[in-house]
Amino acid sequence: MDTAHASAFALAPVRAPAHDLTPSRTSRTPTRPAAGDVHVWFVRPPRSGSVPRSPGADAGTAPDSGLTAPDSGLSVAELRRASSFARAGDGDVYATAHAALRRLLGGYLGLPPAGLTFVREPCPGCSGPHGRPAVVQTDDEPMLHFSLAHSRGLVAVAVAPRVIGVDVERLPSTGTVEACARALHTRERAELAAVPPDERQAYFGRLWTRKEAYLKALGTGLSRHPRIDYLGADLRRRPARWAVLDLPAGPEHTAAVAVDGARPDRVTVRWLPAHRPGGGPAAPEAAYGSTTDRSPR
């Protein structure tokens, strides 16, 4: 994660209509989301290239996401983890995800990204120290909650002043849909079967990202069987006390966010350029399309 000050990556808040999930590009540092707001950030990992060695990375070197250089802010443990993946591309995604998380939270909290300390909340099932991740705050402001997800080619970070979960997944293959459909809720399987074959991959992706976002927000992850909770099209049957919304993530991915309580007043989606060592932030990519979702899903 990144030791450079948050202002280096040029981000700014966007005031958008309620439930406006249109991807946008912005500048300047982020301000904390208001009580009814959710901020979602997407980052596209750079392609693999040469591998820079970072101090403290031990025997291995982290992949060249541009986020594992000395100014990345990644901890020694994170650098080692990034270098441990069998495929360099997976290490790139991991490094990009954790560096972006530190950059963003450092910006929100006014702290150096490398100085952030992460802890685990108690597991809601067994009270063990493996529940939702949290960042230690040094001010008297309300707790800033976050969630991190990454899939091949895309990273998502969600931030809110209440418990939150986010998930992003690359569109699954037909074989994956067939193999994993059995893990869905009975009603979800029926909905999936009713969808035309050429639409099932995207439909399954939306179901699965809603489910994982919700389970991450609960703090259980997949230790709670995904078959238990219904996250299909019928909003009335979804878990009470939770709002789960689909997010626009481009043509190759699906994404969703889940928050504790009523649906957000505003969900703002931004694209954050991946950090490049020595040269400041990369130029922002064009955001995908103009998809706007105004439903309370």
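Note that these values count all heavy atoms, side chains included, but never hydrogens, waters or copies made by symmetry.
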Donor-acceptor check, side chain of [X] to backbone of [Y], threshold 3.5 angstrom: yes or no?
{"X": "Gln201", "Y": "Val177", "result": "no"}
{"X": "Arg266", "Y": "Gly36", "result": "no"}
{"X": "Arg132", "Y": "Glu121", "result": "no"}
{"X": "Arg238", "Y": "Ala243", "result": "no"}
{"X": "Arg200", "Y": "Val195", "result": "yes"}
{"X": "Arg241", "Y": "Asp260", "result": "no"}
{"X": "His145", "Y": "Gly165", "result": "no"}
{"X": "Glu169", "Y": "Thr254", "result": "no"}
{"X": "Lys216", "Y": "Ala258", "result": "no"}

Apply side chain to side chain contact (heavy atoms under 4.5 Å, CB included) to Asp246 and Arg210, showing your working.
CA-CA 7 Å; Asp246 297 331; Arg210 290 175 205 154; 2.8 Å; yes
How far does [atom1] of [X] sit from [atom2] of [Y], to the nearest 0.5 angstrom?
{"X": "Leu272", "Y": "Arg44", "atom1": "CG", "atom2": "CZ", "answer": "12.0 Å"}
{"X": "Leu79", "Y": "His98", "atom1": "CG", "atom2": "NE2", "answer": "11.5 Å"}
{"X": "Leu171", "Y": "His253", "atom1": "CG", "atom2": "NE2", "answer": "8.0 Å"}
{"X": "Leu245", "Y": "Thr209", "atom1": "CG", "atom2": "OG1", "answer": "11.0 Å"}
{"X": "Leu74", "Y": "Arg81", "atom1": "CG", "atom2": "CZ", "answer": "13.0 Å"}
{"X": "Leu192", "Y": "Glu199", "atom1": "CG", "atom2": "CD", "answer": "11.0 Å"}

Taking side chain as C-beta onward, heavy atoms only, is [X] less than 4.5 Å from [Y]?
{"X": "Pro264", "Y": "Val257", "answer": "no"}
{"X": "Pro124", "Y": "Leu218", "answer": "no"}
{"X": "Val267", "Y": "Val40", "answer": "yes"}
{"X": "Val93", "Y": "Phe85", "answer": "no"}
{"X": "Arg237", "Y": "Glu188", "answer": "no"}
{"X": "Ile164", "Y": "Val159", "answer": "no"}
{"X": "Phe118", "Y": "Leu105", "answer": "yes"}
{"X": "Trp41", "Y": "Pro30", "answer": "yes"}

Atom of [X], atom of [Y] and distance for their closest heavy-atom approach:
{"X": "Arg32", "Y": "Pro142", "value": "NH1-O, 3.0 Å"}
{"X": "Glu78", "Y": "Ser75", "value": "OE1-N, 2.7 Å"}
{"X": "Asp167", "Y": "Ala149", "value": "CA-CB, 3.6 Å"}
{"X": "Ala160", "Y": "Asp37", "value": "CB-O, 3.9 Å"}

State whether Asp229 and Lys211 are salt-bridged, where the test is any N-O pair (Lys NZ or Arg NE/NH1/NH2 against Asp/Glu carboxylate O) under 4.0 Å.
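Between Lys211 and Asp229 there is no salt bridge, as every charged N stays at least 4.0 Å from the carboxylate O atoms.
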Which word best sums up how the rings of Trp271 and Phe42 line up, parallel for under 30°, tilted for 30 to 60°, or perpendicular for over 60°?
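Ring orientation, 0 to 90° scale: tilted.
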Which is it for Val166 and Phe146 under the side chain to side chain contact (heavy atoms under 4.5 Å, CB included) test, yes or no, and what are the steps along the way?
CA-CA 9 Å; Val166 72; Phe146 71 90; over 6 Å; no
Check: Ser223/Thr220 side-chain N/O donor and acceptor closer than 3.5 Å
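Judged by distance alone, the side chains do not pair up.
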Consider side chain to side chain donor-acceptor pair (under 3.5 Å). Of Gln137, His39, Glu141, which one does Tyr108 pass it with?
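Of Gln137, His39, Glu141, side chain to side chain donor-acceptor pair (under 3.5 Å) with Tyr108 is met by His39 alone.
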Testing Arg236, His185, Glu191, Arg187 for side chain to side chain donor-acceptor pair (under 3.5 Å) with Tyr230, which one passes?
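Option passing the side chain to side chain donor-acceptor pair (under 3.5 Å) with Tyr230: Glu191.
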Leu222 and Leu215: CA distance, side-chain angles, deciding distance, side chain to side chain contact (heavy atoms under 4.5 Å, CB included) verdict
CA-CA 7 Å; Leu222 290 172; Leu215 294 176; 3.8 Å; yes
Under the criterion side chain to side chain contact (heavy atoms under 4.5 Å, CB included), I'd like the reasoning laid out for Leu111 against Leu116: C-alpha separation, chi angles, the key distance, then a yes or no.
CA-CA 7 Å; Leu111 296 171; Leu116 297 176; 3.8 Å; yes
Atom CZ of residue position Arg120 - does it have more than 12 heavy atoms of other residues, nucleotides or ligands inside 6.0 Å?
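Yes, CZ of Arg120 has more than 12 neighbouring heavy atoms, counting only those of other groups under 6.0 Å.
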Should Val155 and Tyr94 be regarded as members of a common hydrophobic cluster, given that ILVMFWY residues are connected when their side-chain heavy atoms come within less than 4.5 Å of each other, either directly or indirectly?
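The answer is no; the residues belong to distinct hydrophobic clusters.
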